[in-house]
Amino acid sequence: MKSYNTLEIKRIEDKWRKLWDEKKTFKVSADPAKKKYYVLEMFPYPSGKIHMGHVRNYTIADVMARFKMMQGFNVLHPMGYDAFGQPAENAAIKNHTDPGDWTYRCIAQMRDELKMMGFSYDWDRELATCDAEYYKWNQWIFLKMMEKGLAYKKASPVNWCPSCLTTLANEEVIHGACWRCKTEVVQKDLEQWYLKITHYNDALLEDLKKLKNWPSRVVAMQENWIGKSYGVEIYFKIKRNGGRLSVFTTRPDTIFGATYVVLAPEHPLVAALVKGTPAEKAVTDFVEKTRNVAKSVRVTGDSAKEGVFTGQYASNPVTDEEIPIWIGDYVLMDYGTGAIMAVPTHDQRDFLFSKEHNLPLRIVIQDPANPDAKPEDMKAAFEGEGKLVNSKPFNGIGNEEAKQKISQWMEQQAMGKITVNWRLRDWLISRQRYWGTPIPIIYCQKCGTVPVPEKDLPVELPQNVKITGEGGSPLLKVPEFVNVKCPKCGEKARRETDTMATFFDSSWYFLRFCSPVNSEKIFDEKEAAYWMPVDQYIGGIEHAILHLLYSRFFTKFLNDLGLVNVSEPFDRLLTQGMVLKDGEVMSKSRGNTVDPDSVISKYGADTLRLFILFAAPPEDQLEWNDSAIDGAWKFLSRVWNLVDMKFKSVSALPSSLTSQDKELERERNAAIKKITEDLSGHEGFKFNTAISQLMVLTNRIEKYEIKSPEQQAAFNHAVKTLVMLLAPFAPHVGEEMWEMMGNVPSIVRASWPTYNEAALKLDAVTMVVQINGKIRSKYEVQTDTQEDRLRDLVNSDEKLKAYIEGKEIKKFIVIPNKLISIVV
RNA sequence: GGGCAAGUGGUGGAAUGGUAUACACGCAGGACUUAAAAUCCUGUGGCCGAAAGGUCGUGAGGGUUCGACUCCCUCCUUGCCCACCA
């Protein structure tokens, strides 16, 4: 007899981890004869230690993977590291280490921690995005995109710290200042590389409809992000030079109320518009001032709307009125045409701007709640629905209908054209950083921008580069990297020193996992065709937009190249909830973390896995509770004791004679049914209720009395089922108990138990009697008792006399085996 | 401002429109022990009642239904995401 204690658990867990490793239990290869299942969790940034969020994410995935293995699927379950990125550079600055050394040390530590949890990865497929053999293919994809015109260079404003001489991500700009040195951040134009994700606007939006197994809120978030809106581009004539000024609006129904137009400060027409006029200086000053405000500060809805009058006028095409042209910081250059028509009565932003600068208002849509409203009394814009007024031929029409009519009419009159606008912008991938994939480009005085030839890939990151965080990109200061010969003409040339955004790396790693050891190709098409799409993807909601959108984009691109046969990478998506402690998200900065290591050393990985799945449904937030872990531990030890103390091999067959035997068999079948359903996820994955069902079965088995060899056999049968059902959740003890019962490991090769519907039937059921909706009585009756018999029971029921006697029974409803509802 | 979730015992949470609170945690009482820990047993939504039982009860208010945590409408609260996107 082995007692269930911390020491013993440690021995068992070590034993199985070692065996899985040695026997490569989870190694898989593509085999068209078998049904495949690809389970993938969002790979981690290798910070060294895993945290509870990782534990939760990967435990969910592991249960799915092991369940599918037992169901006979060929399961691909790989793991890797999203290893490029800023933390390595920050660590380098702080500790004077090399980002590469630091990262690989972290990876080694992280791998050990993942192994401690007993996850069923095929470790032969492990990859890190900072390996040259991986990022080589980033560069390859980039070149292919360039070839297809989907990667291009453009000057664009970036957040720039004048003291550190570096660009900053929006998150690094804190209250308009550099996060490191607190210097005020300015906007600076830099030539940078973009990926033309907007080429796939329509496909990215349309194909969201295919993603039936994604959480609806993720689909909604992507939809909003892509942001397709229908409207009209309206042409205004500039009075001074007769030029055309285009604005985009989704509200053509309000065109008769457009009382001025506003241009973004960066609008290309601004300079010509004011050149040589008295307003020139004021306008130039304003444009300059706006440039020096970080975008993240400018783009907040609640700040005052600043602007300046150009002194110029444009004519409203439908009224021929001359209306003033303004410059305003609330108009964004990179949406629509960078210019708007302002309708202050029916747009709150325009309303605020008009009050600030004393501009005219005209009501063109009547507020049904306030039909006699006067513009000068308005406290806010009216943005609801109503009938048109002051709109000549369209007066009296509902504004939704007017949208259609006015759009068509304007197009006929050549006043504008019906257009579609997208919120989605092209993806800026240039980063002025060291620890990322070098962009494979060479600049030659003679030949211009030259892509690095494919045979010269990878462009490797130089080592031993000093990272200071100041003075621009570290690669600029590595002459042997920068100075190269032009691949075209052989003359002196200069390498691109920017590296790629790390989202690039994670946009296709799921494909590399299909054939990770492959120096000839990005991946093997046949293997990718077998494994793709990912059947189940699991990760945090924080990646609901960017990572998932970019991965969808890359998959579509590689699909167009003919390398993959799917256009969507992830069939099913689960976004797991956060792990909280004391009501707050567990995080290092809050100092409220619980280290998985400390839990594992006390209770073992199985207990931790069980607790984290039992505490809440996978998509919900999970509140950490130290004492509830004891519950998981206690449960495992109870199962252990059943196997260890009461399981005895016997040659008899199970009997099904007594009611207790029948009851045990019923519970056994019920558990198989419920747990199989909960793990299949047809109505969402429910690990918490699956575990509670394991507990119910355990409770039942514990009460079972063994008085004969036949009953011992029935007991054994039930315990064996219990261990199989438990194994995906608690794999180490699962394997150990499986072996103790005389079976051959590994338990993942055992086939998942099936149930018998007939065994689920009860002999007797409790039926309740409701009178006018209130429960008044209960009966123990035989299953499937018919209505006649039930009526007899009701009629002879003393308790019901008071409610029924002397009253007319209007309805007598029977829900078989559940209840009787009587209306009197 | 827009979008999406979610509100159930002391706590985490269960409930194809059919006995609300499964399964746990916690707590209380008991057994074992010199004692404690561990383990086991019993109880555990509120109110009235010795009990039988009655009555109220799933954020608030309405509606549909024989019957509503579940479906519909209005509102409140909390969380998450997006947001000067014209």
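Convention: sequence-line order gives letters A, B, ...; per-chain numbering from 1.
- Closest to the side chain of A/Val768, out of B/C82, B/C25, B/U19, is B/U19.
- Here A/Lys818 does not reach the OP1 or OP2 of B/A15: none of its side-chain N or O atoms lies under 4.0 Å away.
- Going from atom CD of A/Glu619 over to atom P of B/A6 covers 10 Å, rounded to whole Å.
- A cation-pi arrangement is not found for A/Arg572 relative to A/Tyr537, the charged atom failing to lie both closer than 6.0 Å to the ring centre and inside a 45° cone about the ring normal.
- Looking at A/Asp329 and A/Lys289, no side-chain N of the basic residue comes within less than 4.0 Å of a carboxylate O on the acidic one, giving no salt bridge.
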Please tabulate, one pair per line, each protein N/O and nucleotide N/O from nucleotides 10-13 of chain B that are separated by under 3.5 Å, including the distance.
| from | atom 1 | to | atom 2 | distance (Å) |
| --- | --- | --- | --- | --- |
| B/G12 | O2' | A/Ala615 | O | 2.4 |
| B/G13 | O3' | A/Asn688 | ND2 | 3.3 |

Table of protein N/O atoms under 3.5 Å from nucleotides 64-70 of chain B N/O atoms:
| from | atom 1 | to | atom 2 | distance (Å) |
| --- | --- | --- | --- | --- |
| B/C66 | OP1 | A/Lys811 | NZ | 2.5 |
| B/C66 | O2 | A/Ser821 | OG | 2.5 |

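- Salt bridge A/Lys674/A/Glu677: absent, no basic N to carboxylate O contact under 4.0 Å.
- Within the 6.0 Å centre-distance limit, the rings of A/Trp427 and A/Tyr550 are counted as a close aromatic pair.
- Distance noted for atom P between B/A20 and B/G53: 15 Å (whole Å).
- Every residue two or more places apart in sequence or in another chain was checked for a ring-ring contact (aromatic ring centres under 6.0 Å, His included) with A/Phe635, and none qualifies.
- Nearest-nucleotide mapping onto RNA chain B: of A/Arg217 and A/Tyr330, the residue sitting toward the 5' end is A/Arg217.
- Of the listed nucleotides (B/A24, B/U39, B/A86), B/A24 has the atom at the smallest distance from the side chain of A/Asn699.
- Legend: salt bridge (charged side-chain N to carboxylate O under 4.0 Å, His left out) pairs involving residues 607-631 of chain A, not counting sequence neighbours, sorted by first then second residue: A/Asp62-A/Arg609.
- Using the Watson-Crick or G-U wobble rule with both distances under 3.5 Å, B/A37 pairs with nothing in any strand shown.
- Considering only side-chain atoms of A/Thr250, the nucleotide from B/C40, B/A86, B/C23 that sits closest is B/A86.
- For B/G61, the paired base is B/C73 (Watson-Crick or G-U wobble, both distances below 3.5 Å).
- Nucleotide B/C4 forms a Watson-Crick or G-U wobble pair with B/G79, both donor-acceptor distances falling under 3.5 Å.
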Between A/Ile701 and A/Val639, is the side-chain contact (heavy atoms from CB on, under 4.5 Å) condition met? List the steps. CA-CA 9 Å; A/Ile701 296 175; A/Val639 178; over 6 Å; no

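- Nearest nucleotide to the A/Arg638 side chain, out of B/C40, B/C84, B/A86: B/C40.
- Considering all non-hydrogen atoms of both residues, A/Val343 and A/Asp350 come closest at N-OD2, 3.0 Å.
- In a base pair of the Watson-Crick type (N1 to N3 plus N6-O4 or O6-N4) or a G-U wobble (N1-O2 and O6-N3), with each distance short of 3.5 Å, B/U55 is matched with B/G46.
- A 3.5 Å limit on both hydrogen-bonding distances identifies no Watson-Crick or G-U partner for B/G17.
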Restricting to nitrogen or oxygen on both sides, can you table the protein-nucleotides 53-63 of chain B pairs closer than 3.5 Å?
| from | atom 1 | to | atom 2 | distance (Å) |
| --- | --- | --- | --- | --- |
| B/U55 | OP2 | A/Arg776 | NH1 | 3.4 |

Which atom pairs, one a donor and one an acceptor, fall under 3.5 Å between side chains of residues 681-693 of chain A and the rest of the protein, sequence neighbours left out?
| from | atom 1 | to | atom 2 | distance (Å) |
| --- | --- | --- | --- | --- |
| A/Thr689 | OG1 | A/Asp678 | OD2 | 2.7 |
| A/Thr689 | OG1 | A/Lys686 | O | 3.3 |
| A/Ser692 | OG | A/Thr689 | O | 2.9 |

